[in-house]
Structure formats: structure tokens, C-alpha cells
Amino acid sequence: MTTSVIPDDRPTRVVNPVHNADPAQLRAAIDAVEPGPLLMTLVHATGDRALLTEFEERLTAARAAHPGRSLPPGQYPKEVADEVRRRAHEILPRGLDPVMRIPDAALFLEMARVATDDTVGPEYEPYLREQAGFEYCPESVPRHRPVPPGFRVAVVGAGMIGINAAVKLAEAGFEFRVFEAGDDIGGTWARNTYPGAAVDTPSHFYSYSFELNPGWSKFYPSGPEYLRYLHHVADKYGIWDSVALSHRVLGCAWVDERQMWQVTVAGPGGSAEVYEANAVITATGVLNGPSVPEVPGLESFTGAAMHTAEWDDSVDLDGKRVVVLGTGCTSVQVVASLAGRAGHQDVVFRQPHWIAPERNVVSTVDDATRWAMRHVPYYHQWYRLVTHWFTADKSYAIPRIDEEWYATHVSSSPANDVLMQICLQHLHEELGDRPDLVEMLTPDFPPFAKRIVKDPGFLAAVRRDDVALHRASFERIEPHGVRLTNGEFLPADVIIWATGFRLEYLGFLDVVGRDGVTLAERWDGGRDPRAHLGITVPGFPNFFVTAGPNAAPNHGGGHNVTSEEHVHYAVECLRHLVDHGYTAMEPTPEAMRAYNERVDTELDRTVWQHAGTANGYYRNSAGRAWVTCPWRLVDYWAMLRAPDPDTLLLHRGPAAQAPG
């Protein structure tokens with residue numbers, strides 16, 4: 001039998017019926033996939049709500065029968081999973097054209113609770129409906145005025161956020177231009193080509209909610225595969241003609257008399273031009289320029305030295321002595337990837353990270369599961385929902401501090417301790433016969449104070465005879481190797497800086513707002529950036545900072561969620577301008593001050609602010625937590641549905657002029 005092909009240009013939230021499905025492929029898919037999402041497809045297929053009641057009772061009975069049994073989050077007990085599969089083999093061969101499509105709010109919540117086998121509050125219903133890719137949430141204003149001709153938006157950067165902005169601006173009818181300094185779209189995933197480069201958020205969640213991808217080859221995508229996904233989005237939504245590659249934005253200045261931004265852009269030849277726009281959306285992220293420590297003697301080194309973000313594929317690593325500085329997410333990927341390829345690796349680090357086990361971090365998605373993602377109606381959406389549920393707000397309590405507990409423990413609370421024990425167990429399972437390595441890789445601060453690392457095989461790699469760990473730093477570089485702060489000398493053919501990026505909140509961009517005030521001045525030279533909702537700043541009208549200060553979802557979820565929220569808010573603000581005949585908007589100083597007071601109060605209860613001995617980019621030089629968003633993802637999502645006029649200064653300047 002032939003299998004129908006789902007057109008690539010269909011909206012991914014629309015599920016088409018599948019006809020003439022291959023019975024063997026369907027059977028294999030039912031046996032391969034996760035039972036919770038599979039059960040939801042049976043509800044869609046039959047419209048039978050009684051399935052939810054029945055299996056909720058089965059799950060409750062299974063827990064009661066085995067009170068001490070521990071299962072991974074979201075995993076059904078075997079006896080329940082087997083019954084789900086039996087029913088699926090009975091029901092799905094009758095046809096894959098669902099009787100029920102998008103459920104109402106009450107039913108959706110009931111399905112979410114049974115799919116996750118967990119409590120899901122009503123506030124999550126619209127959020128999960130959108131983020132799981134079922135449908136767009138209703139707009140705050142059902143009808144909008146047409147965008148006036150000549151209303152332009154400049155987007156700075158064509159990574160994940162810039163592509164998202166392009167898609168959403170086009171949908172809303174705005175004219176726009178995306179300026180990208182590099183020679184390709186993709187941002188991080190165009191720049192980072194080092195061996196083992198991969199996303200550390202699950203594939204089926206780390207993608208746009210409006211463009212699900214059923215074809216991921218791995219549960220955590222490699223960098224090249226993720227870049228291909230972004231290229232696919234750019235192709236499908238036709239944004240290439242609106243992207244100016246190799247165009248670096250040097251700065252932008254607000255012209256109050258014209259209510260316009262003048263954006264200075266250097267093209268491929270280096271000559272500067274001015275692009276005028278009514279609004280600017282920055283989509284540059286915050287981790288941009290590679291952070292390379294200033295170590296004496298680098299110029300004397302006779303081998304090759306490179307940062308992971310400036311990878312040189314021409315450097316031969318096979319059989320060579322390689323020194324890697326760092327043990328963060330990038331370093332563990334490089335070290336695991338080079339194990340057995342490099343002749344010897346020395347890994348040098350000042351502080352270890354908490355390393356968590358993740359069974360799927362290097363796992364391939366089998367063919368049967370990929371078939372189900374593409375062909376079993378709504379399986380993909382429910383799988384995405386369950387994956388998101390257990391990687392996002394379920395972790396909200398972990399970085400929060402229980403003062404009484406924290407006074408006598410390394411971990412910050414009982415919830416934080418659960419994660420710490422999981423990490424410790426993984427460390428001892430991998431390295432229990434090497435107490436020297438266990439001691440060296442055990443942090444003395446609570447989990448989440450620094451970014452959690454998901455193990456891609458790093459702990460297995462450091463067991464090897466050709467890999468050595470050194471708890472130190474570089475003191476100086478000599479012609480044939482590295483001298484460490486503990487006095488050791490490490491011979492080296494290649495030095496790899498796995499030292500991350502300089503955290504910059506637009507520090508590389510000259511932004512001049514109203515009355516000639518620069519963003520650098522407002523942000524104390526970049527030392528203390530603040531924004532209302534992490535996005536807008538008083539005195540900088542129609543200027544939207546995505547991935548701004550205190551806007552990162554460090555407790556869980558993914559950059560994709562908050563980036564979609566920021567773009568949504570920016571577009572809704574621009575629509576508000578057009579709908580009400582305004583030319584510009586900005587937050588009031590009072591609104592920004594009140595918002596940031598709430599941010600600081602909430603962060604003061606977390607390990608991000610009180611990180612113990614942890615060193616990292618989560619805190620600025622004054623010790624303030626300046627990266628992390630303190631809210632649950634669902635709460636932050638709700639804050640950004642639409643602008644609140646009471647928090648805004650709205651301007652009606654001169655009649656909008658066509659940009660020059």
C-alpha cells in the first residue's frame with residue numbers, strides 16, 4: 001500500500017486525513033511511540049471522552065498497586081502502556097481521519113492531564129494549545145486596521161528570533177527588512193560548527209510552535225540539522241528576499257521630528273547606508289562575541305588555537321594533543337566528540353558544572369516514530385506538549401531557595417536536592433571507581449546556579465586513558481603547550497577555547513534614543529541593563545529588545561518560547577499603534593521601575609541571585625542576576641499577550657512620512 005504524503009507547505013497546526021496508510025508501518029508506529037500522546041490520538045480518532053476517564057482510573061490504580069515504583073516523568077506504567085497500545089491496534093487501522101479535531105478548553109485540559117499523568121492548571125490551556133502547535137491563540141483584537149503604506153520595521157539579526165520576527169511581521173502585513181551581519185541565516189547555528197555541536201533542548205519542542213518538524217533525526221538535534229530546519233522555515237515562509245545578508249547594523253538613532261529610526265548599515269563592501277524605519281526589533285541574542293581569555297604568550301604558540309564559535313575545519317585534530325579550556329555545554333560536546341579521534345585531550349577548568357543524565361540526548365529517532373509524527377493525527381502535537389510539560393515549568397521550583405534547608409545543605413531546597421541527587425547518582429554510576437574524578441567534577445554550589453549540562457557522553461569520555469582533567473586555569477601559553485596555574489605544563493598541538501561568549505545586551509550597537517540619550521548611558525555602559533517586560537526601554541520609542549535583560553527561561557523550557565513571546569508582543573505593540581493612529585510608544589519610567597522591582601524581589605528568592613561560589617554569566621559584575629526571567633513561562637506568556645496602555649507613553653507625532 002502507498003502512504004499519503006503531507007504537503008510541506010501546509011500549516012503544521014492543520015492536520016489532514018491520512019488515507020491508505022501502510023498497515024505494517026502503522027503497527028510498527030503504535031509499538032514504538034509514547035503511550036500518553038498515543039492515547040490522545042485515540043480520543044481524536046473516536047471522539048470518545050470515556051477513554052480519558054477509563055485510563056485516568058487505570059493510572060491511579062497502577063500507582064496504588066506499586067506505591068514505591070519510580071518512573072521517568074510522563075512515562076506510563078507498563079500495564080497501562082500495554083493497554084493503550086492494544087486499543088490503538090484495535091482502533092487506528094479503521095482509519096486515520098480524526099472524528100474530533102481541536103477540543104474545547106475543558107476537554108483540552110482533561111486531555112493534557114491524562115497525557116502527562118499530572119496536574120495541569122487552567123492557566124496553561126491557551127498557552128499549551130499554542131505552544132504544542134494545535135492552533136494560534138485568538139488575537140487580543142479580532143480585527144486590525146490595515147498597515148499604512150511605507151510603515152517599515154528594521155530587524156537586526158537573522159537567527160531564530162529574526163526569522164520568527166520576519167514570519168510574524170509578514171503575517172501582520174508590515175513591510176520590513178532583516179539585516180544579518182553573517183553570510184547566512186541561523187545565528188548561533190550558522191556560527192557554531194565545532195564537532196558535536198548540538199541543541200540541548202529536545203528537538204520536538206525546540207522549534208517554532210507554528211512550524212513543527214516531524215522529521216527530526218535525533219531527539220536533540222545537531223547544529224547542522226537545526227540550521228537546515230531554519231532554512232526550511234525561511235524557504236516555506238518566503239522570507240529570503242527580505243533578508244540582507246552580510247549587512248552589519250552599526251547603530252540606530254531616533255529622529256523625534258519625523259518619529260522615525262535611522263538605522264546605519266554597513267554592506268558587504270563596507271560602505272554605510274541609512275535605512276529609515278518606524279520601528280526596530282533587535283534579534284541578536286545576548287551571547288554574541290566569543291569570549292577568549294587574555295593569556296600571556298598566545299602569539300608564541302606554534303600550534304593552532306581556535307574558539308568553538310570560530311571553528312577552523314582545516315585544522316587536523318586526528319592523533320593530535322588537544323587542550324580544551326572549559327567544562328560547560330560546548331566543552332562537553334567537543335570532548336565527547338573528539339574522544340578516540342584526538343591523540344590526547346587535556347580538559348582544563350576552574351569550576352565543574354552539574355551534569356545531568358538524559359537518555360535521549362544522543363538518541364536517534366527511529367523510523368517508526370518519525371512515521372507516527374507525520375501520519376498519526378495529533379500524535380506530534382501531544383508528544384510536543386508532554387515533552388514541553390516536563391522540561392519547562394515543572395522545574396520552576398528547583399532554583400528557588402528554602403532558607404532553612406539552604407542553611408545546612410549545598411542544594412537550595414528539597415526540590416533542588418532531588419536534581420542534585422540525580423546528577424550525583426549519574427556521576428557515581430559513570431565514575432564510581434574513579435573517586436579522583438568524582439571529586440574533581442562535583443560542584444560546591446546548588447544546581448541551576450550555573451547552567452545545567454546534559455551529558456552527551458562526556459563522563460564516559462573522561463574515563464579514557466587519552467583524556468585527562470585539570471582543575472586549574474591557563475597561566476601562560478608557551479610555544480609548544482600551556483602552563484597551568486597549578487604549575488603543570490601540558491604539551492599541545494591545538495588549543496580549543498570552549499569558553500562561551502561575552503554576554504552583551506546590545507553593547508556592540510550604538511543606539512541613540514530621544515534627546516540624544518544612548519542606550520549605553522541608560523544601561524550604565526552595559527553593566528546594568530533593565531527593560532520593561534525585558535523588551536522596551538523609556539526614551540527609546542518603537543524599539544524592541546528581544547532576549548533582553550531578565551528575559552531568559554533559565555528554569556526550563558527553551559529560548560524558542562520566550563523569543564516567540566517577545567516577537568508576539570512587539571507585533572502587537574505595532575498593531576496597537578496602527579489601530580489607534582499613534583506614531584510611537586514606549587514604557588513609562590514608572591512602569592519600568594515597578595516591573596524591575598518585582599523582578600528583583602522575585603529573583604532574590606533564587607539561586608541565580610544567591611549562587612554561592614558559582615561563577616558564570618547569570619550575574620553581572622555587581623552580582624545582580626541580570627539574565628534570568630523570574631516568572632513561570634505561562635505567566636510571562638500571559639504578560640506579553642498585548643500591550644497595556646496604562647504602562648505606555650503613546651505619541652501622535654507628525655503624520656507618518658514614507659521613509660527616505
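Quick note: numbers below take in every heavy atom, side chains included, and nothing from hydrogens, waters or symmetry partners. Computed from a prediction, not measured in an experiment: that's the story for all the values here.
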Which heavy atom in [X] sits nearest to a heavy atom in [Y], and how many Å separate them?
| X | Y | value |
| --- | --- | --- |
| Trp216 | Ser207 | CZ2-CB, 4.1 Å |
| Ile91 | Ala45 | CG2-CB, 4.3 Å |
| Ala29 | Ala372 | CB-CB, 3.9 Å |
| Thr536 | Tyr569 | CG2-CE2, 4.4 Å |
| Gly285 | Ala547 | CA-CB, 4.2 Å |
| Leu92 | Leu96 | O-CD2, 3.9 Å |

Subject >> Partner set under side-chain contact (heavy atoms from CB on, under 4.5 Å) for Thr647, not counting sequence neighbours >> reply: His532, Ala591, Asp644
Hey, are the side chains of [X] and [Y] touching, using non-hydrogen atoms and a 4.5 Å cut-off?
| X | Y | value |
| --- | --- | --- |
| Leu633 | Thr562 | yes |
| His388 | Val561 | yes |
| Val361 | Phe219 | no |
| Lys454 | Pro357 | no |
| Leu169 | Val155 | yes |
| Ser395 | Phe390 | no |
| Phe544 | Val567 | no |
| Val167 | Tyr208 | no |

Pair up each side-chain donor or acceptor in residues 99-112 with any protein partner under 3.5 Å, not counting sequence neighbours, and list the distances.
| from | atom 1 | to | atom 2 | distance (Å) |
| --- | --- | --- | --- | --- |
| Arg101 | NH1 | Val15 | O | 2.5 |
| Arg101 | NH2 | Asp97 | OD1 | 3.3 |
| Asp104 | OD1 | Ala106 | N | 3.3 |
| Asp104 | OD1 | Leu107 | N | 2.8 |
| Glu110 | OE1 | Arg49 | NH2 | 3.4 |

Quick one: [atom1] on [X] to [atom2] on [Y], what's the gap to the nearest 0.5 Å?
| X | Y | atom1 | atom2 | result |
| --- | --- | --- | --- | --- |
| Met160 | Ile185 | CE | CD1 | 12.0 Å |
| Asp117 | Phe55 | CG | CZ | 12.5 Å |
| Leu574 | Phe174 | CG | CZ | 5.0 Å |
| Leu419 | Ser412 | CG | OG | 9.5 Å |
| Met592 | Tyr595 | CE | OH | 11.5 Å |
| Gln333 | Tyr220 | CD | OH | 12.0 Å |

**OP:** Any chance you could lay out the salt bridge (Lys or Arg N to Asp or Glu O under 4.0 Å) test for Glu602 and Arg598, step after step, and finish with the verdict?
**Re:** CA-CA 6 Å; Glu602 191 61 37; Arg598 291 171 54 213; over 6 Å; no
Original post:
Cation over ring, Arg400 on Tyr396, under 6.0 Å and within 45°?
Top reply: yes
**OP:** Give a yes/no verdict on a cation-pi contact between Lys168 and Phe210, requiring under 6.0 Å between NZ or CZ and the six-membered ring centre and an angle within 45° of the axis.
**Re:** yes
Are the side chain of [X] and the backbone of [Y] linked by a donor-acceptor contact shorter than 3.5 Å?
| X | Y | result |
| --- | --- | --- |
| Asn416 | Ile398 | yes |
| Arg384 | His204 | yes |
| Thr41 | Tyr379 | no |
| Asp118 | Gly74 | no |
| Asn192 | Ala197 | no |
| Arg451 | Gly328 | no |

Would you mind writing out the side-chain donor-acceptor pairs for residues 30-38 within the sub-3.5 Å range, not counting sequence neighbours?
| from | atom 1 | to | atom 2 | distance (Å) |
| --- | --- | --- | --- | --- |
| Asp31 | OD1 | His89 | NE2 | 2.8 |

**OP:** Look at the rings of Trp382 and His44 and say which category their plane angle falls in: under 30° parallel, 30 to 60° tilted, over 60° perpendicular.
**Re:** tilted
Ignoring hydrogens and geometry beyond distance, is a side-chain donor-acceptor pair present between [X] and [Y] at under 3.5 Å?
| X | Y | result |
| --- | --- | --- |
| Asp184 | His231 | yes |
| Ser209 | Glu564 | yes |
| Tyr206 | Asp200 | no |
| Tyr237 | Glu211 | yes |
| His566 | Tyr636 | yes |
| Ser217 | Arg370 | no |
| Trp626 | Asn550 | no |
| Asp366 | Thr369 | yes |
| Trp608 | Asn554 | no |

**OP:** Could you please spell out the steps behind the salt bridge (Lys or Arg N to Asp or Glu O under 4.0 Å) verdict for Asp600 and Arg530?
**Re:** CA-CA 11 Å; Asp600 286 345; Arg530 307 262 185 161; 2.8 Å; yes
**OP:** For the pair Met373 and Tyr383, evaluate side-chain contact (heavy atoms from CB on, under 4.5 Å) and give the outcome as yes or no after the intermediate values.
**Re:** CA-CA 8 Å; Met373 294 283 183; Tyr383 180 83; 3.4 Å; yes
Original post:
Can you check side-chain contact (heavy atoms from CB on, under 4.5 Å) on Phe543 and Ile281, steps first, answer last?
Top reply: CA-CA 6 Å; Phe543 190 83; Ile281 298 175; over 6 Å; no
Subject >> Short N-O contact, Asp48 and Arg87, less than 4.0 angstrom >> reply: no
**OP:** State yes or no: are the ring centers of Tyr124 and Trp389 separated by less than 6.0 Å?
**Re:** yes
**OP:** Show the numbers, then the answer: is there a side-chain contact (heavy atoms from CB on, under 4.5 Å) between Leu506 and Val156?
**Re:** CA-CA 11 Å; Leu506 299 181; Val156 186; over 6 Å; no
Subject >> Positive for side-chain hydrogen bond (donor to acceptor under 3.5 Å, both in side chains) with Trp637, one of Glu130, Glu123, Glu565 >> reply: Glu130
**OP:** Evaluate the criterion salt bridge (Lys or Arg N to Asp or Glu O under 4.0 Å) for residue pair Arg129 and Glu135; output intermediate values, then yes/no.
**Re:** CA-CA 6 Å; Arg129 188 186 291 268; Glu135 60 182 352; 3.0 Å; yes
Original post:
Should Asn213 and His380 be marked as a side chain to side chain donor-acceptor pair (under 3.5 Å) after you check the CA-CA gap, both sets of side-chain angles, and the distance that decides it?
Top reply: CA-CA 9 Å; Asn213 174 25; His380 191 173; over 6 Å; no
Subject >> Test side-chain contact (heavy atoms from CB on, under 4.5 Å) applied to Met639 and Leu533, step by step >> reply: CA-CA 8 Å; Met639 293 177 194; Leu533 300 173; 4.3 Å; yes
